[in-house]
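Below is one structure, written out as structure tokens; the observations come after it.
Predicted model, so just to flag it, every value in this text is computed and none were measured. Quick note: numbers below take in every heavy atom, side chains included, and nothing from hydrogens, waters or symmetry partners.
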Amino acid sequence: MEDAVLYAVENGVATITMNRPKSLNSMNDALIDGLHEALTKAENDEAVRCIVLTGNGKAFCAGGDLSFLNGLEGTAAKKSFIAKVGAVAKRITVIEKPIIAWINGVTAGAGVNLMLACDLIYASHKAKFGESFAKVALIPDCGGLYFLPRAIGIHKAKELMFTGDLIDAPTAERLGMVNDVIEEEYLKDKVYEMAARLAASAPIAIGLTKKYLNDTGLTLDEVLNIEETTQPLLMGTDDCKEGIAAFYEKRAAVFTGK
């Protein structure tokens, strides 16, 4: 039996691939546990500077595996699984490495929310998206009630969640759900071109920028205080010195994370 999640590292980029193509990469225990394991590997590997998350086959992720969910007996088992799903989304937001979602096809339910947890999102022009929970009498999970309104605004989020309607990739881009929509044959190149750029960027600065952008509870005064205390420390790093030297020498900087 193949692993539910595949993991590979090349040139500082870790690729995490959901690998249940026959079920459109729908979520069961094996897939969620595999995502946790892969994210842990990527987070702890100093050689990894950027992470790409994608799905094998025709889908990114079609959400929860309904046959698996129907087989969960008792409230405790159901609660445990939903908590694990939510923990994956949170892990994506707190890992201080940029995570790119490569959306190759169908993305529905918790799959949409898993996508929205990522930092950058590039979608095939054939992709379709649906917050399909209401159609099976459920509320959005995997952080969707948090991520979607932040991405597209509360009223449009309500519309998509109340109806469960599918939208196409250009509509998702217009609403602000994805960064770019790309012809399928060029999508992989676009994703890894951006991944290479991020892998070559200053990792401490990128990680801290992600951390503070994802902390939506910060006031302006708190942000200014963070800037006042953090920026002087970054100015003293080898990476900052290298960046300034590269600017004056008109060359590409080589950042080491120090």
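Checked against ring-ring contact (aromatic ring centres under 6.0 Å, His included), F255 has no partners two or more places apart in sequence or in another chain. With sequence neighbours excluded, no residue forms a side-chain hydrogen bond (donor to acceptor under 3.5 Å, both in side chains) with T75. Scored by the salt bridge (Lys or Arg N to Asp or Glu O under 4.0 Å) test, E193 finds no partners at all (sequence neighbours excluded).
Note on R20 versus D65: salt bridge recorded, some NZ/NE/NH1/NH2 to OD/OE distance being below 4.0 Å. With respect to E43 and R91, a salt bridge is recorded, a charged nitrogen being found less than 4.0 Å from a carboxylate O. With respect to the salt-bridge test (charged N to carboxylate O, under 4.0 angstrom), the residues D119 and K97 do not qualify.
Applying the side-chain hydrogen bond (donor to acceptor under 3.5 Å, both in side chains) rule to pairs touching residues 132-142 yields nothing, sequence neighbours excluded. Residue pairs meeting the salt bridge (Lys or Arg N to Asp or Glu O under 4.0 Å) criterion with at least one partner in residues 221-249, sequence neighbours excluded, are E242-R251, E249-R251.
Side chains of R150 and T216: no donor on one and acceptor on the other come within 3.5 Å.
In this structure, Y186 shares a hydrophobic cluster with V13, V52, I100, W102, L120, Y122, I182, L187, V191, Y192, M194, L198, the cluster being traced through Ile, Leu, Val, Met, Phe, Trp and Tyr side chains under 4.5 angstrom apart.
In K188, the NZ atom is not crowded: 12 or fewer heavy atoms of neighbouring residues, nucleotides or ligands sit closer than 6.0 Å.
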Problem set entry | side chain to side chain contact (heavy atoms under 4.5 Å, CB included) evaluation trace for T54 with I16 | CA-CA 6 Å; T54 192; I16 298 173; over 6 Å; no
